Each structure stands twice: as structure tokens, then as C-alpha cells.
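We name chains A, B, ... by the order of the sequence lines, and we start the count at 1 in each one. All values derive from a computational prediction rather than experimental measurement. Hydrogens, waters and symmetry mates are skipped; everything else that's a heavy atom, side chains included, is used.
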2 protein chains.
Amino acid sequence: MATKRITSIDVANLAGVSVAAVSRAFTPGASIAPATKKRVLEAASTLGYQPNVIARSLNKRSSQLVGLLMSGWNNFGYVDVLRLLSERLEAHGYEVMLKSVLDREKIGEYVGQMLQYQVAALVVVSEVLPAAVAADCTLRGLPTVLVNRIGRGTGSCAVSVDGTNLGNSIADFLIERRHRRIALLRGRADIDYVDDVMNAIKERTATSGSCEVIADLDGVLGYEAGRRCISELFSRAETPDGVFCSYDHTAIGVMDGARIDLGLSIPEDLSVIGNGDRAPASWGAHELTTVGYPRDEVVEKAVHILLSRLEDPDLEPETALLKTDLVIRASTREKSV
Amino acid sequence: MATKRITSIDVANLAGVSVAAVSRAFTPGASIAPATKKRVLEAASTLGYQPNVIARSLNKRSSQLVGLLMSGWNNFGYVDVLRLLSERLEAHGYEVMLKSVLDREKIGEYVGQMLQYQVAALVVVSEVLPAAVAADCTLRGLPTVLVNRIGRGTGSCAVSVDGTNLGNSIADFLIERRHRRIALLRGRADIDYVDDVMNAIKERTATSGSCEVIADLDGVLGYEAGRRCISELFSRAETPDGVFCSYDHTAIGVMDGARIDLGLSIPEDLSVIGNGDRAPASWGAHELTTVGYPRDEVVEKAVHILLSRLEDPDLEPETALLKTDLVIRASTREKSV
DNA sequence: CTGTTAGCGCATTCAC
DNA sequence: GTGAATGCGCTAACAG
């Protein structure tokens, strides 16, 4: 037999007050005498009472739930983002409702389901909201923030990395170290900030006079793909002396392919740059030069954007592009000798 | 101005029926004429109506939320478990409410907060519920399943790996390949199934006559720790010829430490076995022999346990210990020559 | 500062 | 098979 659930009525009876008083005792900043508040709280704790958040949400027409739509689980260190996001949100008194994106076409449905739970806000990791869905969210006054995507033109708030700035840094780095033929390897072609990176590299090298991008391949994601790809690149007439990969694991595959399969020396014959600064990048076997991902700032910024819009729903959409730093290790040539 | 929210009343009016009919139209298996159901559904879709799950939860006194308490984010591939768990649960019509364990002492609080949301069930990843909390859950008839922990004596359901079986396999494998002095490296000392593994290795080697465990260290977790640790071990009088690490990254650190810092050959001088079969284990630079983690079966089993208890709350607690397989690569000696 | 009243949106009795 | 009434547990608006 399930123990009878205790409600505010029970607490009110025990404390000898009205249910409203109980409610007030649990509402921060409500006008209630310290004495009665104390009495209510004591009664509550002896009964083991906890307010029913569902009932509260019903008449407040809003919950303390934040919907978190997660994609790109395997890529990158986005799980860190997920963890940090959940931790920060909880610290601010919100709970997270997690949904995985299984089918990109169904993002509208996913959002709809979260809406049924009266979520107070929405975080979308590694995915862009379709324009119609984004518009619906703004209409409902639902604060929304994209993480790791920019979502240009959808009107969503976004937190991502400054791809153009990053691309310029990488290009300068490679040019300065006398590279001449660069290959660009990425997983998918349609990720906005990666586009920015790659375009910046292309433009900056093109104007250098000494260096150019000789290949820009997509569909290359992960160790195996990287390892296969570098062999393919070296079977062409024109071979690269520098490779930038959109993901560390790809870069490590490139390194192993170059060394093990092609017998090349890194960085003498080929410089390799990764992205993400995942754990293996720092390990002794590869010492990969890569791009750090500012997890903490990304999350901090995303949470900040959300909270400020929760307070003032009329704020304009905001896109924050964070700076990243190159972590220079041994997989790239020295500056000069 | 926020658009007026549409409720079952609006739909009822448009369809020319009562709110009860609307409710029935959205309740699977309710007694409603197909014709009226169709009319209601049409009205609902023209209005863009979706039932308010919060209101439903209130009078059903239960939501479709499953609380997911997550720990051990960084270790292992438990994020895969998280992803799969969320995907499977969603497939069965449940939503997941995610909470991170920041402070192990506060697990009771975390559970309490989830309870406020009337969660229908609880999943706890990489953590054990304190006995009092576990008892409270059974009292409330809240199905609970531990993942990656056994939680002996707490009465919770659990899905984990069969540590004793695994330990025996590892011991047999090492003995068969003529290892004599084994070192055991793990992160924390208090994880039940890792205890089982280590104990089994100790016992089995002890009775072999040819092989023994010469070190069992805890606090060794991750690449750096593993790399440091192997040097320390080789500064002792008695050095190991085989190492088992509770985590792949530790094992890779051991390999790099042995090769780079100590100039040893693997597997000639030292065999290394990891655990988890994380991506880097299969890469060319290490080719680590390791233990696969049956993510899919773990999740499948956990979800099954949950769903069956959601149907019949009176089922007895169940513990499922899954078998794991050794993935043999090049970091361990050949059988014989 | 406090109690009373009236819903939040829905699912469930019960009559019909 | 359907509609009218009732209440889930709580907060908000109102008097006092």
C-alpha cells in the first residue's frame, strides 16, 4: 500500500494555519511572519512534506524545467557541455529535461513535446532550430539558445566559437611556418561555424601568395576516416604539407596514417592540426597541435543568456562568438630554424 | 503579447463536444466513437492544440518523467549510456529529467527534487543510493535501477557487469600467457563491481602457483596518473610483467610511460590491459587489449527492468550482471611461441 | 500579515 | 458513447 501522499493541507492542519500560509512559507520573498514561517517549515519537515512542483507549475503556467535538446553526442567534447549545462542550470534552481535528437527532421516534434511540459526555456546543443520552430518559440516568449551553432537568420540566441577569427589564426600560423599546400578535412559540410573557419583559412591563404588550400573535403570524421583520407590525399599529384581537421580524432587518424601507412615524418613532412583538444591530443604518442574549446565560457554564456531572458523576455536575440586558442604541440613544424 | 494558450475547452468548442470528449480523444483506449474522435483531432490540429502534460500529471498523480541521476561523467563511456538511455526511454514515451551528482552526500536531496516532479521512475548511473533513500523509493513504489553499480543490500534493482567473471577471464588470460607478477590499477577503491574484478584476479592468480598480484593501487585514474604510476612501480624491487587498469586512459598512460619514460617494449617486457574499449584503445599507436563494455545490453536491460516495474510495481528487486568480452590487441603477449 | 475564494487544464467519476 | 460535475495540489487575488 502506497503511503498517503502529504499535501499542503496536512501541513496546514498540523501547523494550525491555512494552506495559503504553507504556500507562502515555500515561496521566497512572500509576505509571511517569520514565526509562522518557522512553524510551517517545522510541520513540513516532521511530515516530510515537499511542495508538489507539478501543481505549482499548473497555475503558474510555467515550470522550472529547461528543455535541453542534444545532438552531436559522439563528436567533440559536447558531453562536457551537457554536464556543465545541467550543473549550472541546477545551481540556478532549474531542472533539465533532456531529449536526444534521433532524427533531425523531427526537431519540431521534440520541441513540441518539451513545450507540453511547460519548459521555461530551451537549449539546443549542436543543432539549429528550423525557422518555423524558432519563430514559434519567439512567439511564445520562450527563451532559446543554440550552443555550438549560430543559426543565422533564425532569430535564435546563440553561443559558439568565432570561426572567422579561428580560421585566420590557423592560416597565419601555417603561413608563418612556411607551409605551402593545405588540406582541410571536416565531418559535415553544413555546420555554420566550421564553414566560417574553413572560409577564413581559404581566404587568408589565398591572399598570402605563398600558401594555398589544395583540398577541402567533407565526410571525413573520426580516426578511421582520417587515416584513410591521408593516404588518398598522398596518392594525388599535389600533396599537402599541412592538414587542418575539424576534429581531433580525425587528426590523430591522419597522423597515424601518415606515419604508419605512408612512412612520413611529422611534422617534418606534414603538419597536422586538430580541433577540440580532446584528451588523446595531449598524450605522448601524438602531441597534437589543436584548438582548445572554451567549454566553461560557452556554458557560462549560454546560461547567462537564458537567465537574462527569463527575467526580461523582450531582450533582443544575441549571438556570442567566443575566442579560441591554438594549443601548440609537436605535430606542427617549428617557426624557423 | 503572448498568444492565448489553447486548452481542451477551445478544442471542445470548435468540435462541438465536451471537454471530456477531448480528453478521451487523447487517451489511448478510451471509449469514444471513431467519428467524434476524428472531429476532435481535427479541431485540435487546426488550433494547434497539445494536451498540457502538467495538468494531466496533476490529477494522474504521476508524470511520464523518468529521473536520471548521472555521475561518473568523465570516466568511461558512460555518456553513451546516458544517450542510449534517453533514446530508449523516449521511444517508450517517457521523458528524462537529468540531474548531475555534484556532491555524493546530497544524493538524497537530488532524489527529493526529482520526486517533486512526480517522476515515474529513477535511473541512477555510476552511483549507489544511500540505504535510507533506497528504502524511501521502495516505500513510494518508485521503480529504481542502478546502472554500473550493484548496490548490494540496498534493495535497488541494478544492471552492471559481472566483475567476478571478468576477473577470472583476465586472470586466466594472464596466467595462460605466462605472466608472473601482476599490478592492478584503479581509480577509486569503493566501486563494487571493480572490487569484484580485482578480487577475482587476486584469488585466481593466488591459486595458480605461477602468477601473483604484486600491487593493487587505487587513486590511479587517467593518462597522467597511469604514466606516473608505471615509473613508480618499476622503481620497486619487484616489477610487474602485466598490468590491468580499471580504465583505458590509465592503461594508455601506462603504455606511454613504459615505452617513452622507461624504454620498455610492449608487450615483450610488459603486457597492459585496459577496460572500457574507448576509441583510442583501437588506434594504431597503442592497440590496447581491453575489456568491451556492453553499452547496448546494459541500457536495454535497465530500461526493461524499469518498464516491467512500471507495469507491475510489486516485482522483486532484480540485479542483472552482464558478461563482458576481452578485446585482444597488441598490448599483450602472445600465447606461446 | 493572514485566511478565504477561485481557478490553473485535465481525467475521472457518474448519470444519461 | 457522451456530457456535467468534481477534484488533483497549489498559487493568486482579494478582503480583512
> How many Å lie between CG on N13(B) and C1' on dG3(D), as a whole number?
Replying inline: 13 Å
>> Please confirm whether the shortest side-chain N or O distance from S57(A) to OP1 or OP2 of dC8(C) is below 4.0 Å.
In response: no
>> Please determine whether side chain to side chain donor-acceptor pair (under 3.5 Å) holds for the pair S100(A) and S86(B), giving the CA-CA distance in whole Å, both sets of side-chain angles, and the decisive distance to 0.1 Å.
In response: CA-CA 7 Å; S100(A) 287; S86(B) 103; 2.7 Å; yes
> Centroid-to-centroid, Y117(B) to Y117(A), below 6.0 Å?
Replying inline: no
> Roughly, in whole Å, what's the span from CG in N52(B) to P in dG7(C)?
Replying inline: 18 Å
>> Looking at H304(A), is its backbone amide N or carbonyl O close enough to the side chain of R309(A) to form a donor-acceptor pair, meaning the two atoms are under 3.5 Å apart?
In response: no
>> Rounded to whole Å, please give me the gap between CD in Q64(A) and P in dT11(D).
In response: 12 Å
> Between dT2(D) atom P and I32(B) atom CD1, what is the distance in whole Å?
Replying inline: 6 Å
> Counting just side-chain N and O atoms, does T36(A) come under 4.0 Å of either OP1 or OP2 of dT2(C)?
Replying inline: yes
> In whole angstroms, how far is the C1' atom of dT11(D) from the CZ atom of R24(A)?
Replying inline: 9 Å
> Does the side chain of R5(B) get closer than 4.0 angstrom to OP1 or OP2 of dG9(C) through an N or O atom?
Replying inline: yes
>> Would you say T7(B) places a side-chain N or O within less than 4.0 Å of OP1 or OP2 belonging to dG9(C)?
In response: no
>> OP1 or OP2 of dC8(D) versus the side-chain N and O atoms of R61(B): is any pair under 4.0 Å?
In response: no
> Within the structure shown, what part of the strands sits under 4.0 Å from L58(A) by heavy-atom distance: base, sugar-phosphate, or nothing?
Replying inline: base
>> Output the rounded distance in Å from CD (Q118(A)) to C1' (dC10(D)).
In response: 15 Å
> Between K37(B) and A55(B), who's closer to the 5' end of DNA chain D by nearest nucleotide?
Replying inline: K37(B)
>> With a 4.0 Å limit, can you tell me whether Y49(A) has a side-chain N or O closer than that to the phosphate oxygens OP1/OP2 of dC10(D)?
In response: yes
>> If we check side-chain contact (heavy atoms from CB on, under 4.5 Å) with V145(B), which of these qualifies: T319(B), V159(B), V66(B), V125(B)?
In response: V159(B)
> Starting at the 5' end of DNA chain C, which residue's closest nucleotide do you reach first, I9(B) or A20(A)?
Replying inline: A20(A)
> For S8(B) and dC10(C), is the shortest distance between a side-chain N/O and OP1 or OP2 below 4.0 Å?
Replying inline: yes
> When the distance from CD of Q116(A) to C1' of dC10(C) is rounded to whole Å, what number comes out?
Replying inline: 13 Å
>> Assess the residue pair K301(A) and E318(A) against the criterion (salt bridge (charged side-chain N to carboxylate O under 4.0 Å, His left out)); give the C-alpha distance rounded to whole Å, side-chain angles, the decisive distance to 0.1 Å, and a yes or no.
In response: CA-CA 11 Å; K301(A) 191 69 193 172; E318(A) 173 184 355; 3.4 Å; yes
> Hey, is the main chain of T7(B) close enough, under 3.5 Å, to the side chain of D10(B) for a donor-acceptor pair?
Replying inline: yes
> For A21(B), which contact category applies under a 4.0 Å heavy-atom criterion: base, sugar-phosphate, or nothing?
Replying inline: sugar-phosphate
> Considering only side-chain heavy atoms of A33(A), which listed nucleotide, dT13(C), dA11(C), dT2(C), is closest?
Replying inline: dT2(C)
> What's the closest nucleotide to the K60(A) side chain, out of dG9(C), dC10(D), dA12(D)?
Replying inline: dA12(D)
> Of V53(A) and G16(B), whose nearest nucleotide on DNA chain D comes first from the 5' end?
Replying inline: G16(B)
> For V17(A), which contact category applies under a 4.0 Å heavy-atom criterion: base, sugar-phosphate, or nothing?
Replying inline: sugar-phosphate
>> Could you tell me how far apart D10(A) (CG) and dG9(D) (P) are, to the nearest whole angstrom?
In response: 9 Å
